[in-house]
Amino acid sequence: MLPRLPIGQQYFRGIREEGSLYIDKTEHIYNLIRSSKYFFLARPRRFGKSLTLSVISELFQGSQELFKGLWIEDKWDWEQTNPVVHIQFNEINYKDQPLEVALRRALLQQYKRHNIEPQGEVVSDLFGDLLQELSDKKGRVVLLIDEYDKPLIDYLTKDKIEQGLAHQAQLKSFYSVIESSDTYLKFVLITGVSKFSKVGVFSDLNNLLDITFHRLGENLVGISQEELETHFGAAIDHREKETGQTGIRDRIKMWYNGYSFFDGQVKLYNPFSILSFFSAWEFQNFWFSTGTPTFLVNLLRERNYYRFDRASVGQSGFESYQIDQLETVPLLYQTGYLTIKNYDRELLVYDLDYPNREVKDSMLQHLIAAFSRGNIFESAPTVVKLRSAFLTNDLEKVVEIINNLFQSIPHQLFIEAKENLYHALIHLLFTYLGQYIQSEVSVLRGRIDSVVQTDSHVYIIEFKLDQSAQAALDQIQEKDYMAPYRESGKEIVALGINFNSEQKRIDGWLTA
């Protein structure tokens with residue numbers, strides 16, 4: 001029997017009072033609080049950051065009854081309490097009014113909550129006075145700021161970037177108050193999705209310990225395999241017995257596990273995705289569907305950036321965030337579309353890739369739609385049809401499906417970027433095919449373009465642009481691309497395809 005699942009809930013008190021599942025992170029929180037004073041953590045959305053701040057808030061307020069049975073229950077001094085200022089930018093309305101006005105309203109709500117009379121109107125003064133007065137009357141303040149970067153990431157598109165830069169300057173002034181208020185502060189944790197604005201926003205706050213790449217933050221949020229087994233292992237066993245299905249654990253790992261934020265060793269689940277799965281017992285794209293990354297997909301299309309799996313980046317690359325000069329790979333990592341697979345401690349290089357099938361499948365759908373200017377809902381059916389055509393050895397149908405994809409692209413757009421667009425869509429199409437059937441895609445120069453395997457056939461595919469199908473077939477044979485597959489026991493088919501950029505279609509294909 002599954003416990004009550006707190007899907008989408010981020011308030012610790014509500015979860016505990018309702019008897020919903022809380023995966024105990026209090027030991028990690030305790031170690032964090034004991035280790036230092038000022039912290040910054042960046043994690044993808046829906047990963048448990050808000051809930052963690054809510055837990056910390058209740059700890060410092062002495063809400064002992066909420067922690068009954070948790071690790072920290074007998075290790076915390078419940079008699080010692082501290083006032084908490086908890087600022088949540090997802091609850092601040094800065095879209096219908098200037099950010100400064102929205103910040104002032106948020107601070108005035110804090111004054112009211114703590115029964116303090118505000119003096120003055122300037123936001124930075126209100127903030128500083130609040131911390132000082134609270135400290136004087138109730139003890140040193142615990143400051144928690146959630147989604148610090150939301151007023152920035154909501155304004156990253158070209159038509160809104162000026163507003164984003166204006167917000168950056170205002171937030172820099174706002175956060176500068178923290179350093180000058182050190183005497184009044186007990187503990188500070190600031191969280192967000194990104195670090196790209198860290199330098200611009202926190203340049204006056206240089207004492208923050210960034211635990212984004214730190215063991216203290218490694219398992220602070222997210223769900224580990226051990227935690228999943230503890231809370232859901234029995235339910236998985238029961239499900240397998242009840243339905244006769246086997247291998248549910250392996251499928252859960254493939255679909256939802258794989259996030260790593262330190263060295264690639266500890267793998268985590270996104271809480272929203274895994275709780276949604278156990279609620280429905282269906283393998284679906286839960287996390288991605290909660291917030292389509294329109295600006296990110298458009299940015300990738302503008303930069304013709306489509307092959308970002310198996311990327312490598314040095315640690316310094318994660319520090320180069322500027323709101324008006326976004327680096328593609330670090331941005332993909334921060335937003336959760338890439339994650340750490342390995343860390344070379346000698347070279348100080350991180351290897352990145354998609355965390356799991358949920359993210360890869362969804363991102364490929366969006367990229368195919370973006371590059372072809374098509375409908376996202378048509379991406380999956382297109383690839384499913386392509387899979388069916390290969391399984392039935394219907395190569396005419398394969399050619400027809402590829403042609404239909406390219407024919408949907410507005411002519412002017414294709415002519416403007418024909419070679420880049422052609423390579424991008426072929427790569428994305430066959431990479432996505434690999435989600436449904438064994439398909440390996442190489443860079444479209446110098447190596448086999450694609451290998452597709454079914455139970456009975458191996459297709460060695462070479463694509464040419466504005467040349468000939470014979471030239472493609474000759475390359476397969478001259479370089480003997482079929483050699484590694486001759487011992488497979490399957491029928492090997494060499495497939496040469498030529499794409500005509502003027503006609504925007506395949507104008508010839510040959511097999512051998």
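- In this structure, F286 has its ring center no closer than 6.0 Å to that of F277.
- Looking only at atom types and distance, the side chain of E302 has no donor-acceptor partner in the side chain of N298 under 3.5 Å away.
- Annotation for E162: atom CD does not count as buried by contact number, only 12 or fewer foreign heavy atoms lying within 6.0 Å.
- Side chain to side chain, E227 and H231 fail the donor-acceptor criterion of an N or O pair below 3.5 Å.
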Derivation of the side chain to side chain contact (heavy atoms under 4.5 Å, CB included) call for L433 and V452:
CA-CA 9 Å; L433 180 64; V452 177; 3.9 Å; yes

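- Of the possible donor and acceptor atoms, one in the side chain of D394 sits under 3.5 Å from a partner among the backbone N and O of K397.
- Applying the 6.0 Å contact sphere to CD of E226 captures no more than 12 heavy atoms from other residues, nucleotides or ligands.
- When each of W509, F499, F430 is checked for a ring pair (Phe, Tyr, Trp, His ring centres under 6.0 Å) with F463, only F430 meets the rule.
- Side chains of Q225 and Y269: a donor-acceptor N/O pair is present below 3.5 angstrom, by distance only.
- In this pair, H167 and Y94 present their aromatic rings perpendicular. The plane angle is above 60°, beyond the 30 to 60° band.
- N498 places a side-chain N or O within 3.5 Å of a backbone atom of Q467 that can act as its donor or acceptor partner.
- No side-chain N or O of D146 forms a donor-acceptor pair with one of N90 less than 3.5 Å apart.
- D480 CG: more than 12 foreign heavy atoms inside a 6.0 Å radius.
- Looking only at distances, a side-chain donor or acceptor of S468 sits under 3.5 Å from a matching main-chain atom of A471.
- Of the possible polar contacts, one joining the S408 side chain to the L405 backbone as a donor-acceptor pair under 3.5 Å is found.
- For the 3.5 Å distance criterion, the side chains of T191 and R43 fail to qualify, holding no donor opposite an acceptor.
- Between F262 and H214, the gap from one ring centroid to the other reaches at least 6.0 Å.
- Among pairs with a residue in residues 262-288, those fulfilling salt bridge (charged side-chain N to carboxylate O under 4.0 Å, His left out) read R215-D263, D263-R345, at least two apart in sequence or across chains.
- F47 and F261 have perpendicular rings, their planes meeting at more than 60° on a 0 to 90° scale where under 30° would count as parallel.
- Aromatic ring centres of Y436 and Y432 lie closer together than 6.0 Å.
- Checking side-chain atoms of Q435 against main-chain N and O of T431 turns up no donor-acceptor pair under 3.5 Å.
- With hydrogens and angles ignored, the 3.5 Å screen pairs a side-chain donor or acceptor of T212 with a backbone N or O of A42.
- Using a 30° and 60° split on the angle between ring planes, F278 and F232 fall in the parallel class, below 30°.
- In this view, Y350 and F213, F318, Y343 satisfy the ring-ring contact (aromatic ring centres under 6.0 Å, His included) rule, not counting sequence neighbours.
- Judged as a side chain to side chain donor-acceptor pair (under 3.5 Å), the pairs with a partner in residues 381-393 (not counting sequence neighbours) are, in order, N393-Y459.
- The main-chain N or O of G258 is never found under 3.5 Å from a side-chain atom of N356 such that the two would form a donor-acceptor pair.
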Criterion side-chain hydrogen bond (donor to acceptor under 3.5 Å, both in side chains) on E491 and S456, from CA distance to verdict:
CA-CA 6 Å; E491 182 177 345; S456 58; over 6 Å; no

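- In this structure a side-chain-to-backbone donor-acceptor pair under 3.5 Å is missing from K150 to G192.
- For the residue pair Q475/K464, the side-chain donor-acceptor check at 3.5 Å is satisfied.
- Side-chain contact of E358 with S273: a donor-acceptor pair under 3.5 Å is present, judged by distance alone.
- In the model, N219 has a side-chain atom that pairs as donor or acceptor with a side-chain atom of K25 under 3.5 Å.
- Between F40 and Y148, the ring planes are perpendicular. Angles over 60° get that label, and only those under 30° would be called parallel.
- Listed for the K490 side chain is a donor-acceptor partner under 3.5 Å among the backbone atoms of T454.
- The backbone N or O of S260 sits less than 3.5 Å from a side-chain atom of T339, completing a donor-acceptor pair.
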